A.B. asks: 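Take a look at the following structure, please.
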Amino acid sequence: ANGAHVPAVAIGSGYGAAVSALRLGEAGVQTTVLEMGRLWNEPGEDGKVFCTMTAPDERSMWFKRRTEAPLSTLLWLDVVNRDIDPYPGVLDRVNYDDMSVYVGRGVGGGSLVNGGMAVVPRRDYFEAVLPGVDAAAMYDRYFPLALAELQVNTIDPAFYEKTEYYRFSRVAAAQAEAAGLKTVFVPDVYDFEYMEREAAGTAPKSALGGEVIYGNNAGKMSLDKTYLASALATGNVTIAARHEVRSIAIDANGDYVLTVDHRDDANEVIETKRITCRHLFLGAGSLGTTELLLRARETGALPDLDEAVGSGWGPNGNVMTARANHLWSPTGLKQSTIPVMGIDDWDNPDARVFAELAPLPAGIETWISLYLAITDNPERGRFTYDAATDKAVLDWRLEQAQPGVAAAKSMFDRINKKHGTSYRYDLFGDDRAFADDFCYHPLGGCVLGEATDAYGRLNGYERLYATDSSLIPGSIGVNPLVTITALAERNLEAILAADFA
Ligand code: FAD
């Protein structure tokens, strides 16, 4: 309520915020979660909570007039995107000058829209990226804890080998192996037993029904079913949806003062609330957390925040690309939306790449092999605050994506050479084979040990914490959700022991 004072607030409800809410709630700390997106629990007129990728409606995207799907065209035709009414849909695409970033909006954050691939990073790379973190504790305790809480499981290889829904993956894996590359199964939070029932026709289709980036109506163990459900069950956590934190200040007692807009579906402000709290956990994601902190520093509300806030940002080396297969290698009419395999060439010192074998569930045979490559791109961007628009602006230039494109190209050139195949140039606009201007894995902006101490406490202030993907400096070498979760578990344990005594 307006004027409320609460012991703890978590901003956002993605991985970092959800871990914070659960561990605070368990420790008996009354915690309010403020999430700008919707609570996705009520079916629409079609009886479903979320819409599919092939027939997107207003529920698909965050206040857009037209969908902005990652693959914009097919055969250069504008057949992918649809006009929609502006609405607080579940997927946002935040467009900066040379980089667009996909993020989830809703109670559960990115877990509502992501592929759920749950990969523990390689230990040597983790140690290089976050040298200040005790890797032994992470690998012995916090990674296993995160995997268990997130309900991570792995597809049954027997099901994978025979189902038509993973033909696209088997074709791409066999081609990679023939080119001398190593493939690995990738665990996921999607419930593979449920998926087998979808395939058998005994459960409603979700992953096998074209659902993922605009939400899954079943099967996916998103955060609302795991961490956030457990947090609510403590009785100490409340979640307020459609509550957007506009600004953070501090009062004479050292309490944090939040200005929060409660908005309706037309995005009109219903009420602007003032909420104060003793402990403030920022879990608004790499973009959201960094923007709130930059705004606070640059407007003078929290002037002592570190100069490092805003820097160390990267897209986890994301590069998307697609190959055209021969007519005798169809990739399948039916495709699961959940990737379960990757090409792991991270040991190649000239071109470190971990590429997921991505589906293209178009409902027609396309002969396309699609990939999301994660590369070791050392380039970093930086956010600055633009007072005129009151927004964070990303300084990342297109040429900074080049090291990632070069690495991905060397992997897929190898596969094309082996099989006499070529790239598809009709999918990403501008006749490009490599999509290097958008990402799914924004990381950094409030880097652990630079803008914060070793546990995410913001330098310059007390009882103020970053808990999410903003802590990871631009790259982690694999899909990031497990690392974000495990790091939050580690940080919260230390914070609860020391700051709530
Ligand atoms: P987020 O999950 O981004 O959550 C932040 C939340 O804060 C959002 O709900 C947002 O609405 C809210 N928020 C922001 N600002 C405010 C504000 N001012 N006030 C109130 N609320 C606010 N990762 C993987 O590991 N595996 C995958 O397979 C995978 N696939 C992906 C596919 C897609 C399409 C996308 C978009 C991402 C994917 N990711 C994947 C990435 C992963 O989802 C993110 O890395 C992760 O969600 C980031 O977690 P977070 O806790 O930092 O914040």
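As the structure is a computational prediction, the values presented were derived from the model and not from experiment. Remember, it's 1-based here, ligands and their atoms both numbered in the order they're listed.
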A.B. asks: Please say whether A118 places an N or O atom under 3.5 Å from an N or O atom belonging to ligand 1.
C.D. replies: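 The answer is no, given that A118 and ligand 1 share no N or O pair closer than 3.5 Å.
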A.B. asks: Testing the basics here: between W396 and A401, what is the closest heavy-atom pair and its distance to 0.1 Å?
C.D. replies: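 Nearest pair, atom of W396 first, then A401: CZ2-N, 3.8 Å.
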A.B. asks: Pull out every atom of ligand 1 sitting under 4.0 Å from any heavy atom of R105, numbered as shown with elements.
C.D. replies: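 Reading through ligand 1 atom by atom, the close ones are 10 (C), 11 (O), 14 (C).
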A.B. asks: Regarding ligand 1, does A17 bring an N or O atom to under 3.5 Å of one of the ligand's N or O atoms?
C.D. replies: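 No; every N/O pair is 3.5 Å or more apart.
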A.B. asks: Which protein non-hydrogen atom lies closest to atom 25 (O) of ligand 1, naming both residue and atom, and how far is it?
C.D. replies: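 So the nearest neighbour among protein heavy atoms is L481 N, 2.7 Å.
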A.B. asks: Counting only heavy atoms, tell me which of G285, G106, P70 gets closest to atom 53 (O) of ligand 1.
C.D. replies: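 Shortest heavy-atom distance from atom 53 (O) of ligand 1: G285.
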A.B. asks: Using a heavy-atom cut-off of under 4.0 Å, does the side chain or the backbone of I484 touch ligand 1, or both, or neither?
C.D. replies: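 Answer for I484: side chain.
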A.B. asks: Look only at the side chain of S100 and the backbone of N95, and say whether a donor-acceptor pair between them is shorter than 3.5 Å.
C.D. replies: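 No.
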A.B. asks: Could you tell me which atoms of ligand 1, counted from 1 in the order shown, lie closer than 4.0 angstrom to a heavy atom of G283?
C.D. replies: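 Numbered from 1, ligand 1 contributes 5 (C), 6 (C), 7 (O).
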A.B. asks: For ring-ring contact (aromatic ring centres under 6.0 Å, His included), just list the numbers for F383 and Y96, CA-CA rounded to whole Å, side-chain angles, deciding distance to a tenth of an Å, and then say yes or no.
C.D. replies: CA-CA 11 Å; F383 285 101; Y96 301 105; 5.7 Å; yes
A.B. asks: Please state which protein non-hydrogen atom is closest to atom 49 (O) of ligand 1 and give its distance, to 0.1 Å?
C.D. replies: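 Closest protein heavy atom to atom 49 (O) of ligand 1: Y15 CD1, 3.5 Å.
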A.B. asks: Among the heavy atoms of E291, does any lie under 4.0 Å from an atom of ligand 1?
C.D. replies: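 E291: no contact with ligand 1 (<4.0 Å).
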A.B. asks: Closer than 4.0 Å to some heavy atom of G115 - which atoms of ligand 1 meet that?
C.D. replies: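 Atoms satisfying the 4.0 Å criterion: 27 (C), 28 (O), 29 (C), 30 (N), 31 (C), 32 (C).
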A.B. asks: Would you mind running through ligand 1 and noting each atom that sits below 4.0 Å from a heavy atom of G104?
C.D. replies: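 Near G104, the atoms of ligand 1 are 8 (C), 9 (O), 10 (C), 11 (O).
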A.B. asks: What protein heavy atom sits nearest atom 26 (N) of ligand 1, and how far off is it?
C.D. replies: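 Atom 26 (N) of ligand 1 sits closest to the protein heavy atom M117 O, 2.8 Å.
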A.B. asks: N/O of S286 under 3.5 Å from N/O of ligand 1, yes or no?
C.D. replies: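 It does not: no N or O of S286 is found under 3.5 Å from an N or O of ligand 1.
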A.B. asks: So between N114, I476, L372, whose heavy atom ends up nearest atom 43 (O) of ligand 1?
C.D. replies: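 Residue with the shortest heavy-atom distance to the ligand atom: N114.
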A.B. asks: Starting from atom 21 (N) of ligand 1, what is the nearest protein heavy atom, named by residue and atom, and what distance separates them?
C.D. replies: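 Of the protein heavy atoms, M36 N, 3.1 Å lies nearest.
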A.B. asks: Heavy-atom contacts with G109 under 4.0 Å: which atoms of ligand 1 show up? List them by number with element.
C.D. replies: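 Under 4.0 Å from G109, ligand 1 has these atoms: 2 (O), 4 (O), 8 (C), 9 (O).
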A.B. asks: Can you find an N/O atom of S111 closer than 3.5 Å to an N/O atom of ligand 1?
C.D. replies: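 Between S111 and ligand 1, no N or O pair is found under 3.5 Å apart.
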A.B. asks: Please could you name the atoms of ligand 1 that S469 approaches to less than 4.0 Å, counting only its heavy atoms?
C.D. replies: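 Listed by number with element, the hits are 48 (C), 50 (P), 52 (O).
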A.B. asks: Which atoms of ligand 1 have any heavy atom of L34 under 4.0 Å away?
C.D. replies: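 The atoms of ligand 1 under 4.0 Å from a heavy atom of L34 are 20 (C), 21 (N).
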A.B. asks: Give the residue, atom name and distance (to 0.1 Å) of the protein heavy atom nearest atom 14 (C) of ligand 1.
C.D. replies: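 The closest heavy atom on the protein side is A284 O, 3.3 Å.
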A.B. asks: Before signing off on this row, confirm whether L91 and ligand 1 have an N or O atom pair separated by under 3.5 Å.
C.D. replies: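 No, L91 has no N/O under 3.5 Å of an N/O on ligand 1.
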A.B. asks: Using modelled atom types and a 3.5 Å cut-off, is there a donor and acceptor pairing between side-chain atoms of N316 and backbone atoms of N318?
C.D. replies: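 Pair absent, no side-chain N/O of N316 close to backbone of N318.
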A.B. asks: Return a yes/no value for E35: is any of its N or O atoms, backbone included, closer than 3.5 angstrom to an N or O of ligand 1?
C.D. replies: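 So ligand 1 has an N or O lying under 3.5 Å from an N or O of E35.
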A.B. asks: Could you check whether N479 and E356, counting side-chain N and O atoms only, form a donor-acceptor pair closer than 3.5 Å?
C.D. replies: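 Yes - a donor-acceptor pair under 3.5 Å links their side chains.
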A.B. asks: Any N/O of G37 closer than 3.5 Å to an N/O of ligand 1?
C.D. replies: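 It does not: no N or O of G37 is found under 3.5 Å from an N or O of ligand 1.
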A.B. asks: May I ask you to check whether E244 has an N/O atom sitting below 3.5 Å from an N/O atom of ligand 1?
C.D. replies: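 Min N/O separation from ligand 1 is not below 3.5 Å for E244.
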A.B. asks: At what distance is the nearest protein heavy atom to atom 4 (O) of ligand 1, and which residue and atom is it?
C.D. replies: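 The closest heavy atom on the protein side is G14 CA, 3.4 Å.
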A.B. asks: Looking at K64 and E58, is any side-chain nitrogen of the basic one under 4.0 Å from a carboxylate oxygen of the acidic one?
C.D. replies: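 So E58 does not pair with K64 through a salt bridge.
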A.B. asks: Under 3.5 Å, N or O to N or O, is I213 touching ligand 1 that way?
C.D. replies: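 Between I213 and ligand 1 (N or O atoms, distance only) the closest approach is not under 3.5 Å.
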A.B. asks: Considering only the protein, which heavy-atom contact is closest to atom 41 (C) of ligand 1, and what is its distance?
C.D. replies: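 Nearest protein contact, heavy atoms only, for atom 41 (C) of ligand 1 is Y440 O, 3.3 Å.
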A.B. asks: What part of V107, side chain, backbone, both or neither, has a heavy atom within less than 4.0 angstrom of ligand 1?
C.D. replies: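 Near ligand 1, V107 shows nothing, with every heavy atom at 4.0 Å or more.
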A.B. asks: Are D261 and K273 within salt-bridge range, i.e. N to O under 4.0 Å?
C.D. replies: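 Salt bridge flag = no for K273 with D261.
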A.B. asks: Nearest protein heavy-atom contact for atom 2 (O) of ligand 1: which residue, which atom, what distance?
C.D. replies: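 It is G110 N, 2.8 Å.
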A.B. asks: Please could you name the atoms of ligand 1 that Y102 approaches to less than 4.0 Å, counting only its heavy atoms?
C.D. replies: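 Counting atoms of ligand 1 from 1, those under 4.0 Å from Y102 are 36 (C).
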A.B. asks: Does any N or O of ligand 1 fall below 3.5 Å from an N or O anywhere on G116, backbone included?
C.D. replies: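 Such a contact does occur with ligand 1.
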